[in-house]
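Structure first, then comments.
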Amino acid sequence: MSLENEDSTAPAAPSDFIRDIVAAHVAKQKYPRIHTRFPPEPNGYLHIGHAKSICLNFGIAREFGGICNLRMDDTNPAKEDIEYVESIQADVNWLISAWADDQLGLKAKGMSPETLAEDGKRDFYLPAATQADREQRQGENFEPFYASDYFDQIYDYAEELIEKGKAFVCDLTPDQTDEYRRNGLESPFRNRTAEENLDLFQRMKAGEFADGIRTLRAKIDASAPNIWLRDPLLYRIKHVEHHQTGKKWCIYPMYDFAHCLSDYIEGITHSICTLEFEVHRPLYDWILESLALPRPLPHQYEFARLALGYTVLSKRKLMQLVDEHLVTGWDDPRMPTICGIRRRGVTAQALRNFAYNIGITKYNGITDVSVLEFAIREDLNKRSQRRLAVLRPIKIVITNFPEGKVEELDATNNPEDETAGKRKVPFSRELYIERDDFAEVPPPKFFRLKPGGEVRLKYAYIIKCEEVVKDASGNLMELRCTADLDSKMGGATSARKVKGTIHWVSAAHAVDAEVRLYDRLFTVAEPDADGDFKKHLNPHSLEVITAKCEPCLKGATVAERYQFERLAYFALDLDAQPGKLVFNRTITLKDAWAKEAQKK
RNA sequence: UGCCCGAUGGUGUAACGGUAGCACAGCAGACUCUGAAUCUGUUUGUCUAGGUUCAAAUCCUAGUCGGGCAACCA
């Protein structure tokens with residue numbers, strides 16, 4: 001199964017309270033078309049929590065024939081960077097590829113909102129170019145939307161609010177503003193005239209004042225029970241260059257002011273965000289309703305953000321892991337970032353299935369990592385090429401197999417997919433097997449190789465361990481075995497049952513590979529429960545070993561996924577080079593034996 | 001403290017006044033040239049107290065517990 005093709009066994013479209021709302025709107029034909037958006041701030045890398053949101057927003061667009069805009073919510077240039085803009089685009093494209101490309105809304109590069117007049121009212125609108133539009137308009141370049149695309153329009157809206165007496169310029173210091181708002185007191189500057197406010201606001205824009213000297217505030221209700229209605233800030237002065245607009249602006253709109261207006265300008269119908277914005281919703285509505293906007297208004301809906309066991313998902317903490325070199329970078333395969341997960345070998349399909357499986361609610365729970373792990377295994381089981389590789393080798397010699405003889409044995413590439421075909425694996429007198437597959441003193445229920453015992457070599461012969469060779473200090477050197485030479489596929493005794501089957505690699509043909517064995521980054525389910533997540537870093541989250549691989553793995557590619565039989569799923573890392581194989585262990589196979597052995 | 005939101009097995013979710021279901025995890029078994037996968041079976045749940053109703057996980061009231069907000073961050 002190709003990585004690019006969509007998995008036809010993906011779960012049916014889910015149902016949740018937000019989709020129920022959208023479905024009701026579709027039934028009532030409330031909007032001509034459903035339009036969502038994914039609006040990250042480019043101040044960090046996207047992680048699996050964002051993946052949940054991406055799957056929700058693009059999923060809704062997919063299921064209801066709508067569009068989902070990708071928008072950079074870039075209203076705070078002090079914290080944002082073009083590096084993040086680029087990584088966000090790459091991660092979103094990867095996650096929705098071959099799934100929701102058709103729903104991705106972009107804009108023609110450099111395009112600003114059109115100024116329209118509707119019902120005699122001024123209106124700003126920036127339509128999305130869908131995949132179909134983009135195909136028609138070849139030669140044009142397309143890019144994500146940016147909140148900063150609308151700075152002119154947002155500024156206009158601010159002036160409109162001032163003219164309507166719904167906003168004022170405030171001279172209180174940040175500390176004073178806090179105190180007044182906390183105590184529900186009106187700013188002494190609250191009742192300036194529209195003319196004075198307009199003049200001051202224009203001078204703020206012109207750069208007459210230093211940072212923090214003045215703000216533009218909404219005039220709502222200084223003593224409202226909801227703090228976000230206590231004359232919230234709309235604009236602040238920041239003499240900072242912006243990664244998109246350069247030096248054009250020294251005042252920047254706050255999130256609350258910019259976000260609802262960006263949604264409106266893009267024609268968003270359903271503005272879906274996480275629970276912490278719930279208390280902002282009245283402000284979102286107030287701003288839009290205070291302006292005379294001719295088109296249907298967007299509405300905000302909130303859902304619970306993802307919390308995952310054994311993981312931290314806050315940008316600040318992830319940034320700390322990177323900055324303090326506790327991981328190798330944002331795309332370290334141990335990171336819960338989308339790029340880290342991708343590098344580790346997880347497919348976009350697996351991530352999407354996970355997002356579907358966990359559902360959407362307003363309940364703040366912690367999802368067990370086993371749900372993620374299941375989605376990864378389920379996906380990889382279906383698509384992985386099976387290969388033989390030995391992680392911790394011990395040598396065995398088949399004493400009744402002629403020296404120098406090489407047999408090419410048939411091996412199944414993927415038992416879950418007949419079209420994957422077969423390959424040849426070389427067999428010879430000297431082999432490597434896994435250290436764990438031999439026990440001199442076998443524990444109970446040990447089905448593998450033991451002195452005098454028999455085991456099947458996968459795709460090859462049944463062998464019997466005749467002799468354990470040790471060096472002077474008692475270290476295990478090699479095993480000398482005999483093979484039942486009639487027991488291979490098609491042979492006279494091929495149907496003989498032995499309890500265990502183990503993997504192996506021909507010593508002379510083995511290819512070395514660097515193998516990175518990843519484990520969870522933290523040792524406890526809630527790393528930040530005591531406020532000191534770094535204390536719980538797993539010292540064994542990465543182990544690097546050299547494995548012995550069957551020769552066909554020389555041709556491994558980054559696009560392919562592999563299962564080293566009986567061990568785990570692996571993906572070629574981007575550190576691999578011609579002649580140097582590097583594999584990441586994406587996830588182990590389930591291991592019932594490990595569980596059994598632990599019971600003792 | 002004020003305001004807002006939430007609560008269904010171990011975990012995540014469904015049931016929209018009428019049989020508490022699904023997934024993961026767990027356990028037991030079957031099958032197996034992967035101790036994987038697959039298949040079968042199975043343990044475990046409506047926060048508490050009142051009320052409305054023939055009937056409440058669902059509606060109402062109060063409480064308990066949990067989360068969020070109270071940045072010139074988003």
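Order of the sequence lines sets the chain letters (A, B, ...), proteins ahead of strands, with each chain counted from 1. It should be emphasised that the depicted structure is a prediction, and the values quoted were computed from it without experimental measurement.
- Phe257(A) comes within contact range of no nucleotide atom at all, as no heavy-atom separation falls under 4.0 Å.
- In this entry the distance linking CD of Glu596(A) with P of G26(B) reads 13 Å, nearest Å.
- Nucleic acid contact class of Gly365(A) (heavy atoms, under 4.0 Å, all strands): sugar-phosphate only.
- In this structure, Val371(A) reaches the sugar-phosphate backbone alone: every heavy-atom distance under 4.0 Å involves primed, P, OP1 or OP2 atoms, never a base.
- Base pairing of C24(B): its partner is G10(B), meeting the Watson-Crick or G-U wobble criterion (both donor-acceptor distances under 3.5 Å).
- The CH2-C1' distance, from Trp593(A) to U34(B), rounds to 16 Å in whole Å.
- Between Lys590(A) and the phosphate of G35(B), there is no side-chain N or O to OP1/OP2 separation shorter than 4.0 Å.
- For Tyr235(A) and Tyr252(A), the distance between ring centers is not under 6.0 angstrom.
- Across all strands, Tyr235(A) comes closer than 4.0 Å to no nucleic acid atom at all (heavy-atom distances).
- At the heavy-atom level, Leu172(A) lies under 4.0 Å from base atoms of the strands shown.
- Between Asp437(A) and Arg566(A), at least one side-chain N (NZ, or NE/NH1/NH2) sits under 4.0 Å from a carboxylate O, which counts as a salt bridge.
- For the pair Asn364(A) CG and U11(B) C1', the interatomic distance rounds to 15 Å; values are reported in whole Å.
- In terms of position along RNA chain B, the nucleotide closest to Asp16(A) lies nearer the 5' end than the nucleotide closest to the other residue of the pair Asp16(A) and Asp171(A).
- At a cut-off of 3.5 angstrom, counting only N and O atoms as typed in the model, there is no donor on one side facing an acceptor on the other between the side-chain of Asp178(A) and the base of C72(B).
- OP1 or OP2 of A74(B) has at least one side-chain nitrogen or oxygen of Arg236(A) nearer than 4.0 Å.
- Leu233(A) comes within contact range of at least one nucleobase, with a heavy-atom separation under 4.0 Å.
- Residue contacts for Glu278(A): at a heavy-atom cut-off of 4.0 Å it reaches the sugar-phosphate backbone alone, with no base atom in range.
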* Between Trp593(A) and Phe447(A), does a ring-ring contact (aromatic ring centres under 6.0 Å, His included) hold up when you go through it step by step? -> CA-CA 9 Å; Trp593(A) 167 240; Phe447(A) 303 155; 7.0 Å; no
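- The residue Thr361(A) sits close only to the backbone: its heavy atoms come under 4.0 Å of sugar-phosphate atoms, none of a base.
- The partner of U1(B) is A70(B), by the rule that a Watson-Crick or G-U pair needs both atom distances under 3.5 Å.
- Counting non-hydrogen atoms under 4.0 angstrom, Lys238(A) reaches the backbone sugars and phosphates but no base.
- Residue Met489(A) is in base contact, counting any heavy-atom pair closer than 4.0 Å across all strands shown.
- Computed from coordinates, the Arg386(A) CZ to U34(B) P distance equals 11 Å when rounded to whole Å.
- Separation of the Phe151(A) and His242(A) ring centroids falls under the 6.0 Å cut-off.
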* Asked: So Gln300(A) and Cys273(A), side-chain contact (heavy atoms from CB on, under 4.5 Å) or not? Walk me through it.
  -> CA-CA 7 Å; Gln300(A) 178 181 303; Cys273(A) 60; 3.6 Å; yes
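- Using Watson-Crick or G-U wobble geometry with both donor-acceptor distances under 3.5 Å, G17(B) finds no partner in any strand shown.
- Side-chain rings of Tyr284(A) and His280(A) stay apart, their centers remaining 6.0 Å or farther from each other.
- Nucleic acid contact class of Pro40(A) (heavy atoms, under 4.0 Å, all strands): none.
- When heavy atoms are screened at a 4.0 angstrom cut-off, Arg230(A) is found touching no nucleic acid atom at all.
- Asp16(A) places a side-chain N or O within 3.5 Å of a backbone atom of Ile18(A) that can act as its donor or acceptor partner.
- Closest to the Ile227(A) side chain, of the nucleotides G2(B), C33(B), A37(B), is G2(B).
- We find that CG of Asp74(A) is positioned 10 Å from P of A74(B), with the value rounded to whole Å.
- Proximity of Lys315(A) to the phosphate of C73(B): no side-chain N or O atom is located under 4.0 Å from OP1 or OP2.
- Distances from the side chain of Pro225(A) to the nucleotides G35(B), C3(B), A25(B) place C3(B) closest.
- Spacing between G10(B) and U42(B) at atom C1', rounded to whole Å, works out to 16 Å.
- Base contact: Gln563(A) has a heavy atom under 4.0 Å from a base atom.
- Looking at which nucleotide of RNA chain B each of Lys362(A) and Tyr255(A) is closest to, the 5′-most match is held by Lys362(A).
- Residue His280(A) places a side-chain atom within donor-acceptor reach of the base of A74(B), judged by atom type and a 3.5 Å distance cut-off alone.
- Computed from coordinates, the Trp228(A) CH2 to C72(B) P distance equals 7 Å when rounded to whole Å.
- Distance Phe374(A) CZ to G26(B) P: 12 Å, rounded to the nearest Å.
- Across the protein-nucleic acid pair, Ile366(A) atom CD1 and A25(B) atom P stand 19 Å apart, rounded to whole Å.
- Pairing of C59(B), defined by two Watson-Crick or G-U wobble distances under 3.5 Å, is identified with G51(B).
- Among the heavy atoms of the strands lying under 4.0 Å from Thr75(A) are primed sugar atoms or P, OP1, OP2 only; no base atom is included.
- For Arg19(A) and Tyr356(A), the positive end sits near the middle of the six-membered ring, less than 6.0 Å away and at most 45° from its axis.
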